[in-house]
Amino acid sequence: MKSHFINGRFTSGHAQSEITVHNPATEEVLDSVPLGAAEDVDDAVKAAAAAFDEWKRTPAVARAEMLHEVSRKMREHAEEIARLLTLEEGKPLPENEEETQWTYSTFDYYAELGRHSRGRVIPSPEAGQLSLVLKEPYGVAACIVPWNYPLLLMAWKVAPALAAGNTVVIKPSEMTPLTTLRLCEIAFDGMPPGVVNVVIGDGATGAALAAHPDVPVVAFTGSLSTGQKIASVAAPMMKKTHFELGGKDAFVVAEDADPELAAKAVAYAALINAGQVCTSTERVYVPKQMAGAFADAIVDHVRSLNLGDGLDPQTDVGPMIDPKYREKVVSHVEDAVRRGARILTGGKIPSRRGAFYEPTILVGVNHSMKIMTEETFGPAIPLMTYGDFEEAIRLANDSIYGLGACLYTSDAKKARLFFEEVKAGTIWINDPLTDNYAGPFAG
Ligand code: NAD
C-alpha cells in the first residue's frame with residue numbers, strides 16, 4: 001500500500017480504510033492507498049505551515065533552482081511516469097508523454113517567472129518617500145486535483161504557488177493518486193521537508209483540506225458542483241480561491257471550411273482523452289448545406305480510430321476513467337435518442353473489460369437535450385445544423401458554461417466576430433485545444 005507524503009516522509013497516517021486504484025482499461029487493481037482522515041489533513045497543513053517562513057525567505061533564485069531540479073528529475077523518469085499515467089488514468093501513451101512533458105515544462109516556466117518580479121515601485125505622494133507594491137505569498141495553499149490530467153493540473157497549481165513562496169498540500173483525485181506519489185519519491189523528495197505535502201483521500205478529505213482554518217488559499221480543478229461546495233466553505237472564511245471548473249464547449253465549423261479537415265479537427269477536440277477534457281468539444285455546429293459532407297467525413301474518420309488499452313501503440317482512443325462516469329454518457333445519448341436524435345456511429349458499450357464507450361456521433365440534436373446542455377465528459381459528438389453565422393454564434397452562446405470554444409474557418413472576418421461575440425474564456429481558431437503557459441486558462 002502507498003502512503004501520504006507529509007513533512008518529507010511517507011506515512012500511512014490515521015487511515016481507518018483504504019482506496020483501491022484500478023487500471024480503467026483492464027479493471028485490474030494497480031495498488032491501494034490510505035483514505036486520508038481529517039487528522040492526516042491537519043498533520044499535512046501543520047507541516048506546510050511550519051515550513052512556510054523559511055521557504056518564503058528562501059531567495060527566489062534558490063527556489064527556482066529547486067523547481068528546475070523537480071523538472072530535471074521528472075525528465076529523467078519521463079518514460080516511467082507517462083506509463084504510470086496511462087495505467088491509472090487510461091489515456092493513450094503518446095497523450096501521457098505530452099502530459100509529462102507539459103508538467104515538467106510547467107515547473108521550469110514558473111521557476112523563472114518566480115524570479116521575474118516581486119511587485120512594483122509606484123510614484124510617491126511626497127518627496128523623500130519610496131512606495132512599493134509587494135507581492136507576498138499567502139502561506140499554505142491547498143491544491144485539489146481531478147483525475148483527467150493528474151500531473152499537469154497538479155503542476156499548474158503547485159509550481160506557481162511554490163515559485164511565489166507558498167508551501168502546498170496536494171490532494172490528488174482518489175482515482176489517480178499514484179503518479180503524484182511517485183513524484184514524491186523521485187522529485188519532491190529533494191524539496192525542504194514540509195514544502196510539498198500530499199494527502200490521499202476522497203471528497204471528504206478534500207473538504208477537510210479546503211475548510212482547514214490554516215489554509216488561506218484553495219486552488220481547485222474539478223466539477224462545477226464540487227467547486228460550488230468549496231466556494232460555500234471558503235467564502236465565509238474569506239479564503240482566496242482559484243477555480244477551474246466544467247465546460248460544454250462549442251465547435252463551430254464555418255461554411256468556408258474544408259469538411260474533411262474540419263471533421264478531423266472536431267474528432268481530435270472531442271475524443272482526446274476519450275472526451276474527458278474540461279475543454280473537450282461537446283457540441284458541434286455545422287452549416288446546413290455542409291451537413292451531409294461533414295457527417296460522412298467525421299463518421300469515416302471516427303470509424304477508422306482504434307479503441308483500446310492506452311499502452312497498445314495501435315490505440316487512438318482509450319477507456320473512460322471509470323464505468324460510473326460512463327453512465328452519464330449513456331444517459332445523455334439515451335436522452336437524445338428519446339427526443340429524436342439519430343446515432344450515426346457508436347452508441348454502445350463494447351463487449352470487453354474496461355470502462356470503454358464507443359466514440360459516438362449523433363445528428364438531429366437540439367438544445368432541449370442534455371447532450372447539448374450538460375457536461376457529458378465522454379466520447380460523444382453531437383452535430384447540430386445552423387443557417388447563418390449569426391445563428392451559429394447565438395447557439396454557441398446558448399449555454400450556462402463559458403470555458404472554451406473552437407472555430408474552423410478561413411475567413412478572417414468570421415474569426416474576428418467569433419473572438420468578439422462568443423462568451424468563452426479561451427477561443428481557438430483552426431487549432432483546437434492548444435495550450436500556452438504564458439496565457440490564462442479559465443472560463
Ligand atoms: P470532482 O469535482 O469530482 O473532483 C475533483 C477533486 O475534488 C478530487 O480530488 C475530489 O476528491 C475532490 N473533491 C470532491 N468533493 C470535494 C469537496 N466537497 N471538497 C473538496 N474537494 C472535493 O471532479 P472530477 O470528476 O475529478 O473531474 C472532472 C471534472 O473536472 C469535470 O467537470 C471537468 O470539466 C473538470 N475539469 C476542469 C478543468 C479546467 O481546467 N477547467 C480541467 C480538468 C477537469
Side-chain angles (χ1 to χ4, degrees), residues 19 21 24 33 35-36 38 40-41 88-91 95 99 102 106 142-158 169-181 198-212 215 217-235 237 239 241-249 270 272-282 320-329 332 355 374-378 399-405 424-426 433 435 437 439-443:
I19 302 170
V21 183
V33 288
L35 174 56
D40 299 310
V41 169
E88 71 173 345
E89 199 274 337
K91 288 194 292 295
E95 291 181 33
E99 178 172 353
W102 289 336
T106 299
C143 302
I144 303 176
V145 185
W147 47 262
N148 61 342
Y149 286 86
L151 291 191
L152 182 66
L153 297 173
M154 177 276 296
W156 281 0
K157 297 165 181 41
V158 169
V169 177
I170 305 167
K171 212 298 280 171
S173 165
E174 52 273 42
M175 283 179 284
T176 55
L178 301 180
T179 39
T180 305
L181 288 175
V198 179
V199 179
I200 308 299
D202 61 5
T205 317
L209 178 58
H212 198 290
V215 170
V217 56
V218 183
F220 167 76
T221 301
S223 60
L224 174 60
S225 62
T226 305
Q228 286 166 329
K229 284 183 201 152
I230 294 175
S232 70
V233 170
M237 298 174 85
K239 291 180 187 235
T241 52
H242 181 273
F243 291 138
E244 291 179 343
L245 307 175
K248 187 74 195 169
D249 287 12
I272 183 171
N273 199 6
Q276 303 168 114
V277 186
C278 53
T279 50
S280 286
T281 285
E282 292 236 344
M320 295 186 63
I321 184 69
D322 189 273
K324 75 173 184 256
Y325 283 77
R326 182 174 58 194
E327 283 166 24
K328 188 160 151 207
V329 186
H332 282 195
E374 295 177 17
E375 189 181 49
T376 307
F377 225 56
S399 172
I400 61 160
Y401 291 99
L403 195 55
T426 307
L433 272 54
D435 278 337
Y437 302 119
F441 185 88

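Read the numbers this way: they start at 1 and go in the same order the structure lists the ligands and their atoms.
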- Task: Might you work through the side-chain contact (heavy atoms from CB on, under 4.5 Å) test for Leu403 and Cys278, ending with a clear yes or no?
- Result: CA-CA 8 Å; Leu403 195 55; Cys278 53; 3.6 Å; yes
- Task: Using the side-chain contact (heavy atoms from CB on, under 4.5 Å) rule, take Val145 and Thr221 through it: C-alpha gap first, then chi angles, then the decisive distance, then the call.
- Result: CA-CA 6 Å; Val145 185; Thr221 301; over 6 Å; no
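In this pair, Trp147 and Tyr325 present their aromatic rings perpendicular. The plane angle is above 60°, beyond the 30 to 60° band.
Taking each heavy atom of Pro24 and Glu88 in turn, the nearest pair found is CD-O, 3.6 Å.
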Could you go through ligand 1 and note, for every N or O atom, any protein N or O atom closer than 3.5 angstrom, writing the atom names and distance to 0.1 Å, or 'none'?
from	atom 1	to	atom 2	distance (Å)
ligand 1	2 (O)	Ser223	N	2.9
ligand 1	2 (O)	Ser223	OG	2.7
ligand 1	2 (O)	Thr226	OG1	2.7
ligand 1	9 (O)	Val145	O	2.8
ligand 1	9 (O)	Lys171	NZ	3.0
ligand 1	11 (O)	Lys171	NZ	2.7
ligand 1	11 (O)	Glu174	OE1	2.7
ligand 1	19 (N)	Ala207	N	3.4
ligand 1	23 (O)	Ser223	N	3.4
ligand 1	25 (O)	Trp147	NE1	2.9
ligand 1	25 (O)	Tyr325	OH	3.0
ligand 1	26 (O)	Trp147	NE1	3.2
ligand 1	30 (O)	Gly222	O	3.4
ligand 1	32 (O)	Glu375	OE1	2.7
ligand 1	34 (O)	Glu375	OE2	2.5
ligand 1	40 (O)	Glu244	OE1	3.1
ligand 1	41 (N)	Leu245	N	3.3
ligand 1	41 (N)	Leu245	O	2.7

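A salt bridge is defined here as a Lys NZ or Arg NE, NH1 or NH2 lying under 4.0 Å from an Asp or Glu carboxylate O, and Glu374 with Lys248 fails to meet this definition.
The salt bridge (charged side-chain N to carboxylate O under 4.0 Å, His left out) test applied to Lys157 returns no partner, not counting sequence neighbours.
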